[in-house]
Amino acid sequence: MKYSYDGYPGNPNGSDYNIAGLASADGRHIAMMPHLERAIFPWQQALYPEARKHVDQVTPWIEAFVNARKWIEERL
């Protein structure tokens with residue numbers, strides 16, 4: 001199978017320059033594609049490593065939520 005980096009799966013949303021996320025200069029605002037809440041389970045991934053698909057309960061994207069929670073807890 002030949003993969004295209006201008007289309008799926010390399011650039012599934014068709015964005016210019018294959019951009020998957022943008023952040024403000026101070027890092028307080030972020031826009032992501034894919035939506036992280038729709039990408040935390042292996043079965044939600046089109047190309048998740050087959051050897052890990054039935055082993056991992058969550059994908060590495062869960063770290064975004066873990067880090068957000070830590071950031072909030074440190075400021076309470």
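Along the sequence shown, residues carry numbers from 1.
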State, to 0.1 Å, how close [X] and [Y] come at their nearest heavy-atom pair, and which atoms those are.
| X | Y | result |
| --- | --- | --- |
| Gln57 | Phe41 | O-CD2, 3.5 Å |
| Thr59 | Pro42 | CG2-N, 3.6 Å |
| Lys53 | Gln45 | NZ-O, 3.9 Å |
| Glu37 | Gln44 | O-NE2, 4.2 Å |

inquiry  = Please list all pairs meeting salt bridge (Lys or Arg N to Asp or Glu O under 4.0 Å) that have one or both residues in residues 64-76, counting only residues at least two apart or in different chains.
reply    =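 Every pair satisfying salt bridge (Lys or Arg N to Asp or Glu O under 4.0 Å) with a residue in residues 64-76: Arg69-Glu73.
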Salt bridge (Lys or Arg N to Asp or Glu O under 4.0 Å) partners of residues 54-68, not counting sequence neighbours, each pair once = Arg52-Asp56
request  = Would you list the pairs meeting side chain to side chain donor-acceptor pair (under 3.5 Å) in which at least one residue belongs to residues 20-31, sequence neighbours left out?
outcome  =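 Those involving residues 20-31 are Ser24-Asp26.
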Spatial distance of atom CH2 (Trp61) from atom CG (Leu36) [nearest 0.5 Å] =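 Rounded to the nearest 0.5 Å, the CH2-CG separation comes out at 5.5 Å.
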request  = For Trp71, enumerate each residue passing the ring-ring contact (aromatic ring centres under 6.0 Å, His included) test, keeping only those at least two apart in sequence or located in another chain.
outcome  =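 Trp71 satisfies ring-ring contact (aromatic ring centres under 6.0 Å, His included) with no other residue.
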inquiry  = Tell me every residue that passes ring-ring contact (aromatic ring centres under 6.0 Å, His included) with Tyr48, counting only those two or more places apart in sequence or in another chain.
reply    =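 Counting only residues at least two positions away or on another chain, Tyr48 forms no ring-ring contact (aromatic ring centres under 6.0 Å, His included).
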message = Quick check on the hydrophobic clustering: are Phe65 and Trp43 connected, directly or via other members, by side-chain heavy-atom contacts under 4.5 Å?
response =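 Yes: a chain of side-chain contacts under 4.5 Å links Phe65 to Trp43.
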